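The structure under discussion appears below in the form of structure tokens.
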Number of protein chains: 2
Amino acid sequence: MDTEQQVMDHFEATCRSHGLKLTHQRLEIYRALLQSAEHPSAESLHKQLETRLPTLSLDTVYRTLATFEQLGLVKRVETMSSQARFEAKIEQHHHFFCDQCRQLIDFTWHSFDSMGLPEALMGVGTIRGKNVVVHGVCNDCLEKKKKPE
Amino acid sequence: MDTEQQVMDHFEATCRSHGLKLTHQRLEIYRALLQSAEHPSAESLHKQLETRLPTLSLDTVYRTLATFEQLGLVKRVETMSSQARFEAKIEQHHHFFCDQCRQLIDFTWHSFDSMGLPEALMGVGTIRGKNVVVHGVCNDCLEKKKKPE
DNA sequence: TTGGCAATTAAGAATAAATATTAATTAAAA
DNA sequence: TTTTAATTAATATTTATTCTTAATTGCCAA
Ligand SMILES: [Mn+2]
Ligand SMILES: [Mn+2]
Ligand SMILES: [Zn+2]
Ligand SMILES: [Zn+2]
């Protein structure tokens with residue numbers, strides 16, 4: 001359990017160690033995200049911040065979030081691209097998503113399926129389904145990296 | 001394990017029972033999705049089908065997939081909206097996603113986290129993370145439905 | 001403390017996915 | 001054959017995201 005100050009120190013240190021300038025925009029965007037529990041979109045962060053930073057551009061929010069993501073300072077809560085993808089396989093199953101080629105590989109996991117949900121979820125609402133998304137780099141992509149061409 | 005024929009029969013029965021006409025386009029789109037393991041996008045389905053159905057419009061593919069989704073004939077492989085969302089909470093945790101208000105609620109699930117991955121996944125590639133997405137309708141939305149206004 | 005300059009940002013244009021609108025055409029089902 | 005739902009085509013709109021360019025700014029070194 002880190003204090004607010006420690007988290008900000010770590011933020012600063014991470015930026016510095018990657019040669020990133022500590023701009024007002026970066027600080028405010030990170031702080032806003034830290035204080036939020038609602039997993040905001042770039043748009044909504046921008047909207048929220050524009051009273052404090054009236055000149056902040058939406059592009060900067062997107063760019064900054066992408067930078068932070070690379071540094072591991074923030075996470076993108078998304079399992080895949082923005083393009084919706086479909087399947088006719090309607091039996092319960094899960095997906096491995098290759099971060100590189102965006103390929104989806106099905107897998108089944110019966111011991112997960114039959115597992116009860118954690119108490120943490122009791123009382124959030126009606127549950128309609130649960131799914132696992134495992135992500136990483138698929139074999140095809142690993143091969144390609146080894147011998148390029 | 002259903003045979004191809006049984007699956008198509010179920011498709012036909014589902015369409016019929018909802019008063020939907022069994023059009024050439026619907027059949028082809030469903031068949032293409034059935035035979036594909038790559039979780040195609042609407043765009044790529046359209047591209048794939050346009051040799052066989054040169055007049056098929058992209059609009060029809062989108063419309064048809066949406067219809068099929070409502071009937072439970074196909075699934076949209078997506079855990080959330082197409083809008084990316086972010087968080088600064090980088091500790092391992094999972095999400096409850098409200099299908100109605102798109103709210104995300106964090107939860108932790110240590111017994112899942114410490115669980116090994118299923119054998120089905122051995123050999124797919126390098127694994128970088130695993131996450132659960134539980135979806136349903138949150139309490140706020142359930143309340144609103146009870147007493148609208 | 002003050003330039004100098006690369007990094008960063010702002011502003012707006014561009015792109016891409018998805019959806020909507022309309023009217024004309026096609027084809028499934030009774 | 002007739003009715004009616006569905007599809008098409010053409011066009012427009014919306015929304016998310018990225019690109020381009022020029023101006024600005026953080027930071028380092030003099
Ligand atoms: Mn699948
Ligand atoms: Mn979260
Ligand atoms: Zn891959
Ligand atoms: Zn809700």
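When reading the values below, keep in mind they use all heavy atoms of this one structure, side chains included, and skip hydrogens, waters and symmetry mates. Every value quoted in this text rests on a predicted model; they were computed, and no experiment measured them.
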For nucleotides 13-16 of chain C, list the nitrogen or oxygen atoms of the protein found under 3.5 Å from its nitrogen or oxygen atoms, one pair per line.
none

*Stretch residues 56-70 of chain B: residues that reach within less than 4.0 Å of DNA chain D through a heavy atom*: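 B/Leu56, B/Ser57, B/Asp59, B/Thr60, B/Arg63, in order of number.
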Value in whole Å for how far the [atom2] atom of [N] lies from [atom1] of [X]:
X	N	atom1	atom2	value
B/Phe86	D/dA16	CZ	P	12 Å
B/Leu53	C/dT26	CG	P	16 Å
A/Arg26	C/dA7	CZ	P	11 Å
B/His46	D/dT8	NE2	C1'	11 Å
B/Leu71	D/dA6	CG	P	11 Å
B/Arg102	D/dA16	CZ	P	10 Å

_Running the 4.5 Å side-chain criterion over Ile, Leu, Val, Met, Phe, Trp and Tyr, what cluster does A/Val61 land in, apart from itself?_
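Via sub-4.5 Å side-chain contacts, A/Val61 links to A/Val7, A/Met8, A/Phe11, A/Leu20, A/Leu22, A/Leu27, A/Ile29, A/Tyr30, A/Leu33, A/Leu34, A/Leu45, A/Leu49, A/Leu53, A/Leu56, A/Leu65, A/Phe68, A/Leu71, A/Leu73, A/Val74, B/Phe86.
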*ILVMFWY cluster membership beyond B/Leu58 - transitive side-chain contacts under 4.5 angstrom*: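 B/Leu58 clusters with B/Tyr62.
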So do [Y] and [X] actually touch side chain to side chain, heavy atoms under 4.5 Å?
X	Y	answer
B/Thr108	B/Glu91	no
B/Asp140	B/Gln103	yes
A/Lys89	A/Asp106	yes
B/Arg26	B/Lys21	yes

_Results of side-chain contact (heavy atoms from CB on, under 4.5 Å) for A/Ser44 - residues two or more places apart only_ =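 Counting only residues at least two positions away or on another chain, A/Ser44 forms a side-chain contact (heavy atoms from CB on, under 4.5 Å) with A/Pro40, A/Ser41.
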*If only atom types and distance count, is the side chain of B/Gln6 paired as donor or acceptor with the main-chain N or O of B/Thr3 below 3.5 Å?*
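Present.
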_Can you classify the ring geometry of B/Phe112 versus A/Trp109 as parallel (below 30°), tilted (30 to 60°) or perpendicular (above 60°)?_
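Rings of B/Phe112 and A/Trp109: tilted, 30 to 60°.
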*asked:* Assess, by modelled atom type and distance only, whether the side chains of A/His135 and A/His95 contain a donor and an acceptor separated by less than 3.5 Å.
replied: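 There is no such pair (donor and acceptor under 3.5 Å, judged by atom type) between the side chains of A/His135 and A/His95.
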_Is it true that A/Ser17 and A/Thr14 share a donor-acceptor pair across their side chains at a distance under 3.5 Å?_
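Judged by distance alone, the side chains do not pair up.
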*Scan nucleotides 25-30 of chain D nucleotide by nucleotide, 5' to 3', and note B when protein non-hydrogen atoms come under 4.0 Å of the base, S if they reach only the sugar-phosphate, - if neither.*
-BS---
